[in-house]
Amino acid sequence: VTLPRLTCDAIKRWLEVHPRGGNPDAPLLVALDEKHFGRRLSGLGVWRIVKRLGRRVGVNTWCHALRHTAITTGLDKTNGDVRSVRQFSRHSSIDMLLTYDDRRTDAGGRVADMVAASYGS
């Protein structure tokens, strides 16, 4: 997977302030809470950070919601190019991306309006 230039730059900046003590095998991301300080950051640890930051800004979010947002943004930016966004999202089926795209454009709602209108006022 190609990493965007902005992501590479962010990782480089992170390494400048957290050089891992010169040990290339040390974890890139570590826990900062007292109980797990310095240990490799777990998936649960990431989930807790995302939940906590979301609450701090008044948003109920979680990691998978960020994935949904990224995929929907990809569909927006590519004008619904499900093939390209499938490569980005790594979904095995385009069907799931069509679900995202329908939610994004509300195609089903538009068809429902047209069907209802065809039966009179």
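Sorted by first and then second residue, the salt bridge (charged side-chain N to carboxylate O under 4.0 Å, His left out) pairs with a member in residues 46-69 form an empty list; sequence neighbours excluded. Residues in residues 91-108 take part in these salt bridge (charged side-chain N to carboxylate O under 4.0 Å, His left out) pairs, two or more places apart or across chains: D76-R104, D101-R104.
Remark: the backbone N or O of A65 is paired with a side-chain donor or acceptor of T69 at under 3.5 angstrom.
Note that CG of L97 and CD of Q87 are 10.0 Å apart. Values are rounded to the nearest 0.5 Å. If you take CD1 on I71 and OH on Y100, they are separated by 4.0 Å, rounding to the nearest 0.5 Å. Distance check: K77 NZ to L75 CG gives 12.5 Å after rounding to the nearest 0.5 Å. From L3, atom CG reaches atom CG of D9 across 11.0 Å, with rounding to the nearest 0.5 Å.
For C63, the side chain to side chain contact (heavy atoms under 4.5 Å, CB included) test picks out V46, W47, V50, with sequence neighbours left out. With sequence neighbours left out, I94 forms a side chain to side chain contact (heavy atoms under 4.5 Å, CB included) with V82, R83, R86, L98. Listed by chain and residue number, nothing satisfies the side chain to side chain contact (heavy atoms under 4.5 Å, CB included) test with L6 (two or more places apart in sequence, or in another chain).
At a threshold of 4.5 Å between non-hydrogen side-chain atoms, the residues S89 and H91 count as touching.
Heavy atoms only, all atoms of each residue included: T61 and G54 are closest at CG2-CA, 3.9 Å.
I11 and L66 end up in the same hydrophobic cluster when Ile, Leu, Val, Met, Phe, Trp and Tyr side chains are linked at under 4.5 Å. A continuous path of ILVMFWY side-chain contacts below 4.5 Å connects W14 to I49, so both sit in one hydrophobic cluster.
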Name each donor-acceptor pair under 3.5 Å that joins a side chain in residues 24-38 to protein atoms two or more places apart or in another chain, with its distance.
from	atom 1	to	atom 2	distance (Å)
D33	OD2	K35	N	3.3
D33	OD2	H36	N	3.1
D33	OD2	H36	ND1	2.9

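With no hydrogens or angles considered, no side-chain donor-acceptor pair links T78 and D81 at under 3.5 Å.
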